[in-house]
Each structure stands twice: as structure tokens, then as C-alpha cells.
Amino acid sequence: MPELPEVEVICRGLRPHLVDRVVTGILASGKALREPVPLDRLQRELVNRLIMSVTRRAKFLQVGLDSGAMLIIHLGMTGNLGFFTPATEPAKHDHIRLILDNGLELRYNDTRRFGSIRILSPAEVSRLEETVYTTTGPEPFGEDFSAGYLFRLAKSREVAVKSFIMTNQVVAGVGNIYANESLFRAGIRPDRKVRSLSQKEWAKLIVAIREVLTHAIECGGSTISDFVNAGQEKGYFQINFKVYGKGGMACTACGAVIAKKNIGGRASYCCPKCQK
DNA sequence: CAAGTTACCTGACGGC
DNA sequence: TGCCGTCAGGTAACTT
């Protein structure tokens with residue numbers, strides 16, 4: 001489900017309700033996510049600590065505690081977080097419930113259980129990039145995500161540009177939807193081999209990625225089937241999709257038929273006329 | 001070493 | 001009605 005915009009929307013929704021709160025208890029389904037839920041460590045290192053910050057790195061949510069420890073949550077494909085009253089009946093696939101000191105609960109729901117929850121000690125937090133983020137590249141809004149960086153990284157490689165920008169080590173947070181949409185916005189075909197792109201095309205693609213992600217965040221993310229923010233509201237960027245999920249339909253810019261093909265095992269869409 | 005494939009898990013949908 | 005194959009927003013661990 002969530003790519004960078006959806007995680008950012010959830011992050012912004014969580015922050016005002018979590019900062020200055022204390023987790024007073026934890027309930028878990030007992031089912032493992034991508035990794036087993038470290039319930040004992042959570043009881044010891046999360047419960048009764050004051051929450052200081054809620055931030056995002058790539059598609060990870062980072063909850064900073066007054067001890068210097070940090071809770072790190074990844075939503076996988078179907079993960080979601082929201083606030084509920086204790087009286088609200090738990091939903092199917094609610095796996096973790098954090099009881100808060102303001103009478104609400106933060107619930108983590110994840111149908112496919114591809115997400116993860118980790119707790120890091122202050123020592124581990126000080127080595128975040130070498131530990132959790134070893135395969136996580138630059139943030140798309142950071143200054144080290146530049147045309148020169150991409151050109152150098154790509155010059156001796158043959159992979160399709162769409163697979164390349166979906167690789168977290170290249171740039172963090174761009175998944176299938178926003179890779180398709182960004183390449184349309186940049187006028188670049190998704191199956192172009194990366195070594196064929198000029199510095200100018202990389203510069204154009206960077207601008208397109210930033211604009212698409214920014215617009216999606218402003219729209220509250222994209223709701224394909226079930227994404228909701230922390231307040232259980234849907235996003236509406238999907239009404240702005242130009243190519244994603246539109247195979248066989250007319251391009252809104254030129255009227256040509258949007259093509260669908262498989263690139264690197266993922267559904268890929270492009271306008272054969274607008275994208276070169 | 002880069003690039004392609006498989007695996008993790010549940011559910012929705014279309015075809016028969 | 002149900003069974004089967006396919007597909008889905010992610011990513012790490014394989015294989016080639």
C-alpha cells in the first residue's frame with residue numbers, strides 16, 4: 001500500500017497525537033509480521049517512556065522516546081496505523097495495540113503482515129544508517145539526490161529506469177505507483193536502459209519525482225483500495241493518476257492509448273507518444 | 001557484480 | 001456456489 005507520500009501523511013497525522021504521550025501498555029495478536037514482534041523488548045523499552053518525536057525516513061516511521069530509544073515501523077504492503085477508543089472493537093488483522101495515557105489506542109493493522117516493528121536502543125539509534133538503513137538511499141527531497149549522482153550511478157548499468165528508481169538504494173520511497181507517474185511526468189519511457197539517459201533527462205526526472213510526491217502528499221496520499229490516514233480518512237491523489245492502472249485508456253495529454261507491460265515483475269504503464 | 005526470480009501472506013476478482 | 005489462477009501499494013534473499 002504505502003509509498004513515501006502515504007507514509008508521510010500517516011507521519012503527519014500521528015505526530016500531534018503521539019508527541020508528549022506515554023504508552024502505558026501493549027496488546028499483540030501474537031502473529032509475526034515480516035519479523036517476530038519483539039514484545040518483551042517493547043514492554044521494557046517503550047512502555048512508560050515519553051514520546052518526543054515522530055518522523056519519517058524512506059518508508060519507515062520513527063518514534064523517538066525520551067530515553068533515546070526509538071520505535072521503527074514499516075507498513076509493508078498493507079500496514080496501517082490509526083487511533084481508536086478502547087471500546088472500539090478490534091478489526092481483523094489488528095496486530096499491535098499501543099495503549100496511550102490519553103485514553104486512546106494506536107492500532108497497527110496489516111492484512112498481509114509484510115510490515116515490521118522494531119525497537120532500537122540509544123546505542124543502536126546512534127548507528128541508524130549502518131544498521132537499519134544499510135540498503136536505504138538518499139531521500140528524494142535531499143540535495144544529494146542530484147542529476148550528477150544518478151548519472152554516475154547509472155552510466156555502466158543496463159537496468160530499466162523504472163526498476164532503477166524503485167530500488168531503495170538508488171532513492172528512498174519511490175514505489176510502483178509513483179515510479180509510473182513520475183516517468184510520465186518526465187516524458188521518459190519506463191523501459192529505457194539507465195545508461196541511455198542524459199544528465200538533462202535525470203534532472204528532469206528528479207523534478208518530476210519531487211513534484212509528483214509533493215502533490216500526492218498534499219492530496220493525502222493515494223487510496224487504491226483501502227489506504228486511510230491515521231484519522232481513517234482516504235487520500236485522493238488517485239484521481240490525478242495519468243498512467244497508473246490506465247492500460248488501454250486514452251492519454252489525457254494526447255489521446256494515445258496507454259500501454260501496459262511488465263517491467264521487473266511490476267505492472268508498468270506509459271503513453272507511447274508522450275514518453276520517449 | 002548486476003539483474004532477474006522467488007518468497008513471505010491474505011484477499012479480491014474473473015473465468016469456468 | 002466454489003475452485004483455480006492471477007494480481008496487489010514492499011523488500012530481502014536467492015539464483016543466474
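Proteins come first, then strands; the chains are lettered A, B, ... in the order of their sequence lines, and each starts at number 1.
The A/Phe114 side chain lies nearest to B/dC8 when the options are B/dC8, C/dG9, C/dT11. In the set C/dT11, B/dA2, C/dA8, C/dT11 carries the atom at the smallest distance from any side-chain atom of A/His74. Considering only the side chain of A/His93, B/dT10 comes nearest among C/dA12, B/dG4, B/dT10. Set against C/dG10, B/dC9, C/dG9, the side chain of A/Phe227 has C/dG9 as its closest nucleotide.
Note on A/Arg266: every side-chain N or O is 4.0 Å or more away from OP1 and OP2 of C/dC7. Here A/Thr78 does not reach the OP1 or OP2 of C/dG9: none of its side-chain N or O atoms lies under 4.0 Å away. The shortest distance between the side-chain N/O atoms of A/Lys92 and the OP1/OP2 oxygens of B/dT10 is not below 4.0 Å. OP1 or OP2 of C/dA8 has not a single side-chain nitrogen or oxygen of A/Arg112 nearer than 4.0 Å.
Rounded to whole angstrom, the span from the CG atom of A/Leu4 across to the P atom of C/dT11 amounts to 11 Å. As rounded to whole Å, 13 Å separates atom P of B/dG4 from atom CE of A/Met166. Following rounding to the nearest Å, A/Leu33 (CG) and C/dA12 (P) show an atom-to-atom distance of 15 Å.
Using a 4.0 Å heavy-atom distance criterion, A/Asn168 is classed as a sugar-phosphate-only contact. Note on A/Ser156: nothing from the nucleic acid sits closer than 4.0 angstrom, heavy atoms only.
Stem list for DNA chain C (at least 3 consecutive Watson-Crick or G-U pairs, distances under 3.5 Å): B:2-8 with C:10-16, B:10-16 with C:2-8.
Looking at A/Glu158, its side chain never comes within 3.5 Å of a backbone N or O of A/Lys193 through a donor-acceptor pair.
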